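Lettering follows sequence order; numbering is per chain, from 1. Remember, it's a predicted structure, so these values are computed and weren't measured experimentally.
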Protein chains: 2
Amino acid sequence: MGGPLKMSGKKSPNGSRSDQEGTAEARRAPMREFSRSLPMSLLRAREAVMRQFRPSLRNHGLTEQQWRILRALTAVDTIEVTELARVAFLLGPSLSRILRDLEARDLIERRTAKADLRRGEVSISSKGLKLIEAVAPTSEAIYAEITHRFGARKLAELQDMLGELERSLAAMEVAGEGEAEADE
Amino acid sequence: MGGPLKMSGKKSPNGSRSDQEGTAEARRAPMREFSRSLPMSLLRAREAVMRQFRPSLRNHGLTEQQWRILRALTAVDTIEVTELARVAFLLGPSLSRILRDLEARDLIERRTAKADLRRGEVSISSKGLKLIEAVAPTSEAIYAEITHRFGARKLAELQDMLGELERSLAAMEVAGEGEAEADE
DNA sequence: CCGGAGAACTTAACATGTTAAGCAAATTTC
DNA sequence: GAAATTTGCTTAACATGTTAAGTTCTCCGG
């Protein structure tokens with residue numbers, strides 16, 4: 001978020017802005033261009049990508065998350081809820097709600113494991129599979145277009161970097177989990 | 001949540017998995033490795049980053065979005081709601097709600113423009129400014145740590161690529177806005 | 001066995017994402 | 001210059017994100 005990397009701040013008055021900004025920047029913390037922080041960059045990039053897919057999914061009555069779930073289910077025969085949450089990258093509560101709805105729409109099937117009654121086993125239904133097959137072509141076409149526009153090589157490179165970023169931070173322990181932070 | 005995932009092991013009969021997966025993959029569409037799609041990569045990367053900031057923000061009673069708004073407000077004297085939405089990358093309705101809450105907490109001030117009664121002008125309050133100043137140090141430290149772990153050079157490179165991706169897709173018109181999709 | 005600790009979800013509660021309406025003020029059109 | 005249109009928000013409604021509790025069911029030590 002706050003991403004300032006170079007608060008060194010060029011003092012030079014911002015040439016042609018509506019002068020209020022110059023005033024504000026002068027008397028306030030010269031934090032770095034907020035919009036260039038890593039979180040914002042990632043957010044905007046992802047939105048730019050998802051913006052391409054949402055209309056198509058919407059036309060088929062699916063949200064992004066529902067699609068992720070169905071999509072993940074096509075790769076397995078059955079999967080436990082916790083595993084599915086990990087794969088589809090959804091928090092338990094969200095998944096719980098979505099599965100309830102998808103089941104009501106007969107897009108998935110669910111049953112409890114016989115070995116452990118706490119666990120639920122989920123699988124896609126034939127109706128769900130048909131839906132996936134109906135959406136997939138458009139989805140693939142969009143993905144191909146994105147790849148073409150950005151460049152396959154660069155895309156692969158970007159994904160490598162994203163993976164590296166993930167791994168870099170995986171080990172980074174999260175600060176002040178519950179305290180009120182030393183100062184202030 | 002989420003994290004490494006290693007389901008579906010290509011076509012090769014997955015040596016040690018519970019064999020159901022292999023079966024599923026064999027009889028179903030061999031779609032792209034779901035977890036390696038660009039949207040998922042971006043989502044996981046962003047989550048890995050935000051995971052570092054949320055606890056600190058939470059300790060100060062702020063959500064990620066509220067922080068974005070206050071953060072954006074420190075860069076200007078006043079700003080119109082629509083402009084703020086653009087800068088903080090929030091949709092109008094979300095912003096509308098959040099501003100209502102932030103105003104109730106006296107973290108921001110709002111008034112209508114005299115020239116155009118439809119427009120609202122927002123600015124951060126002294127209380128809001130104090131809050132920002134209280135959070136900023138921790139936030140900056142986390143950002144610095146992330147930069148250190150991933151590498152300043154690579155970080156800059158990553159952000160360049162993200163910006164490029166954004167620009168690549170900016171011109172890409174969104175398909176089938178409202179139709180039911182030719183077929184497929 | 002039995003009771004407590006832990007695991008696997010599910011519910012609850014509140015905040016935001018997302019699309020569609022609603023509304024009042026400003027602008028355009030005829 | 002009044003009606004039609006557009007603009008700048010705000011509401012509404014529904015889905016998901018996020019954290020805390022609650023509910024069953026397992027498992028484990030005594």
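- The side chain of A/Thr63 contributes an N or O atom lying less than 4.0 Å from OP1 or OP2 of D/dT16.
- For D/dT18, the OP1/OP2 oxygens have no side-chain nitrogen or oxygen of A/Ser94 closer than 4.0 Å.
- When each of D/dT11, C/dA15, D/dT7 is scored by its nearest atom to the side-chain atoms of B/Ser96, the top-ranked nucleotide is D/dT11.
- Put simply, CG on A/Leu99 is 15 Å from P on D/dA15, counting in whole angstrom units.
- Comparing B/Asp101 and B/Ala115 against DNA chain C, the residue whose closest nucleotide sits nearer the 5' end is B/Asp101.
- Phosphate proximity of C/dT18 to B/Arg97: absent, as no side-chain N or O sits under 4.0 Å from OP1 or OP2.
- Between A/Gln66 and D/dT16 there is a side-chain N or O to OP1 or OP2 distance below 4.0 Å.
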Report the C-alpha distance between A/Glu103 and A/Arg100 in whole Å, list the side-chain angles of each, state the deciding distance to 0.1 Å, and finish with yes or no for salt bridge (charged side-chain N to carboxylate O under 4.0 Å, His left out). CA-CA 5 Å; A/Glu103 186 176 22; A/Arg100 169 165 48 70; over 6 Å; no

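- At whole-Å resolution of the value, CZ in A/Arg51 and C1' in C/dT19 are 16 Å apart.
- Atoms CG (B/Leu70) and C1' (C/dA15) sit 15 Å apart, rounded to a whole Å.
- Taking atom CG of B/Leu91 as the reference point, atom C1' of C/dT19 lies 9 Å away to the nearest angstrom.
- Classification of A/Arg153 and A/Glu157 as a salt-bridged pair fails, no side-chain N sitting under 4.0 Å from a carboxylate O.
- Of the side-chain N and O atoms in A/Arg58, one or more sit less than 4.0 angstrom from OP1 or OP2 of C/dA20.
- Rounded to the nearest 0.5 Å, atoms OG1 (A/Thr78) and CD1 (A/Ile124) are 13.0 Å apart.
- Closest contact between the side chain of B/Arg119 and the listed nucleotides D/dG17, C/dC9, D/dT7 involves D/dT7.
- Residue A/Arg118 places its side chain closer to D/dT24 than to any other of C/dT19, D/dC9, D/dT24.
- Straight-line distance from the CG atom of A/Leu57 to the P atom of D/dA15: 16 Å, rounded to whole Å.
- Remark: the backbone N or O of A/Arg36 is paired with a side-chain donor or acceptor of B/Gln159 at under 3.5 angstrom.
- The residue B/Leu95 sits apart from the nucleic acid: no heavy atom pair falls under 4.0 Å.
- Going from atom CD of B/Glu83 over to atom C1' of D/dG8 covers 13 Å, rounded to whole Å.
- Of the listed nucleotides (D/dT11, D/dC9, C/dG17), D/dT11 has the atom at the smallest distance from the side chain of B/Pro93.
- Classification of B/Glu47 and B/Arg44 as a salt-bridged pair fails, no side-chain N sitting under 4.0 Å from a carboxylate O.
- The distance between atom CZ of B/Arg100 and atom C1' of D/dT10, rounded to the nearest whole Å, is 10 Å.
- The shortest distance between side-chain heavy atoms of A/Glu109 and A/Val122 does not fall below 4.5 Å.
- If you check D/dT26, C/dT16, D/dT18 against the side chain of A/Asp116, the one that comes closest is D/dT26.
- Checking C/dT16, D/dC9, D/dT16 against the side-chain heavy atoms of B/Ile98 singles out C/dT16 as nearest.
- Considering only side-chain atoms of A/Leu117, the nucleotide from D/dT18, D/dG17, D/dC25 that sits closest is D/dC25.
- Separating the CG atom of A/Leu43 from the P atom of C/dT16 is a distance of 14 Å, rounded to the nearest angstrom.
- Below the 3.5 angstrom threshold, one finds no donor paired with an acceptor across the side chain of B/Arg54 and the base of D/dG17.
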